[in-house]
Every structure is written in C-alpha cells, then in structure tokens.
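It should be emphasised that the depicted structure is a prediction, and the values quoted were computed from it without experimental measurement.
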Amino acid sequence: DVKVTQSSRYLVKRTGEKVFLECVQDMDHENMFWYRQDPGLGLRLIYFSYDVKMKEKGDIPEGYSVSREKKERFSLILESASTNQTSMYLCASSGLAGGRETQYFGPGTRLLVL
Amino acid sequence: DQQVKQNSPSLSVQEGRISILNCDYTNSMFDYFLWYKKYPAEGPTFLISISSIKDKNEDGRFTVFLNKSAKHLSLHIVPSQPGDSAVYFCAASPTRIHGSSNTGKLIFGQGTTLQVKP
C-alpha cells in the first residue's frame, strides 16, 4: 500500500512565523504535490515537484515555497504565516494505477494562523 | 477559470437509494477522470477512475459514467450506505504529450458533500 505521511495533523501558529510542513512518501514516486483545501473551493494546487530539486508553481503559489532535497520528502514552507493561510494542507504523491497516474494523499495538516 | 465543476455543493439521500454525483469539465484535452472520497480530518482516497476510451467503469457499488460529447461525468452509488457520507471530488487529467514528462497533475472540482441518512 502507498503510504504518504505528514509531519503534523494540527498546527497553531502566530502571524509572521515561518512554518514548515513536511511530507514523506514510501513508494519511490517521482511526482509530489501540495494542495490546500478550503470550503467551496475544492483542492487548489500550491506547488508540485516532478523530481528531486525540481519544482513548479501551481495555481496559488503566492506566500509559499517548497523544498525537495530527497525523492521521498517534499516540504511546504510558509515564509511569514498570515491568517488567510489558515486551511487544511494536503500532500500527495503520484504513481501508476491502471496505466495512468493516480495521486495518493496524506492525512492532511489543519493549520490555524492566529 | 474552473475547468472542472461540481455544481451541487451538497446532496442528501436515504440509505439504500441511489446517489448520483455530477461533474462537468470544459477542457477537451482531458482524457482520464478520477473520483476521490474525503472524510473530515482525513486526506482524500482514490475511489474509481475512467479513461476517455470508455463510457462506463464499475467497481462494486460504484459506477462512473462518462459522456464525452457533453463533457460530463457522474458517479453512481447503489445502494447508498451511511458510511458513504463524505465529500466527493472529481478530478481530470490531460492527455500526455508524447516525449513530455508526466507530472501526474490533476485538476479537481470543488467537491460535493454527500449525506446518506439511515
């Protein structure tokens, strides 16, 4: 079974703090993703990575950065947390299922920025 | 511009009846579609998928139908059970371009919250 783990289930941070969200997958997947989920907006892609040290912006990258130093680990960084970054953050990695890429998600990190 | 749309934010059905969740897309380059199920405080889990070369795919109580001409897909759950109560996301993947790297990127809809009443 594919396993995607996220370092924290719940986090509370103060405005202006630097926040690190860690994600690890154990399936040797090339591709990894960070999303945020907000009510009525679905899953919005923040950043993705298709190889070590390679990254691309998603639909809403502003205020975020990422790091992928090792294939199994993909980190999301909030350089200076703001209240509008309060959200559920979901990490995914993708691998082949039935011949096409399928994304597998971690349990999510619910972040509250005060 | 929302390329994948789930126009019903919520749906309520009685246990044992059919649940039908709908999804529309605008990009004709999408050729692979997936449904995910998400419980509160958990990550989405893959449910079922369909390729554009098919118009139906079935897995137990779950069936996905694809109407390419209408750019519409639907997920049918029969019979519905209280444990099916969750948020359902549809997602679409564009055609792989020969020679390009496959990033596995998906475009998600906004989600539909299904409540199955006992």
Heavy-atom proximity to chain A below 4.5 Å, by part of [X]:
X	answer
L106(B)	both
P9(B)	neither
A91(B)	neither
Y39(B)	neither

Out of F62(B), F65(B), W35(B), which residue meets the ring pair (Phe, Tyr, Trp, His ring centres under 6.0 Å) rule with H76(B)?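 Passing option: F65(B).
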
Do I20(B) and V116(B) land in one hydrophobic cluster if side-chain heavy atoms of ILVMFWY residues count as linked below 4.5 Å?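 Not linked; separate clusters.
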
Would V64(B) and V13(B) show up in the same hydrophobic cluster when neighbours are defined by side-chain heavy atoms closer than 4.5 Å?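 Per the 4.5 Å side-chain linkage, V64(B) and V13(B) are co-clustered.
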
Can you confirm whether the side chains of D24(B) and T26(B) place a donor and an acceptor under 3.5 Å from each other?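 D24(B) vs T26(B): no donor-acceptor pair found between side chains.
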
Between S10(B) and Q115(B), a side-chain donor and acceptor under 3.5 Å: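 There is no such pair (donor and acceptor under 3.5 Å, judged by atom type) between the side chains of S10(B) and Q115(B).
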
Contact class of [X] relative to chain B, heavy atoms under 4.5 angstrom:
X	result
Q37(A)	side chain
R44(A)	neither
L41(A)	backbone

Close side-chain approach of L76(A) to Y35(A), heavy-atom, < 4.5 Å: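 No, every pair of side-chain atoms sits at 4.5 Å or beyond.
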
Looking at side-chain heavy atoms only, is the closest gap between F105(A) and L43(A) below 4.5 Å?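 Yes; the side chains approach each other to less than 4.5 Å.
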
Among A41(B), S51(B), G109(B), P44(B), which has the most heavy-atom pairs under 4.5 Å with chain A?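 Looking at each option in turn, the highest pair count goes to P44(B).
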
Go through P107(A), G106(A), G58(A), G108(A) and name the one with the most non-hydrogen pairs under 4.5 angstrom from chain B.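 Sorted descending by pairs with chain B, the first entry is P107(A).
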
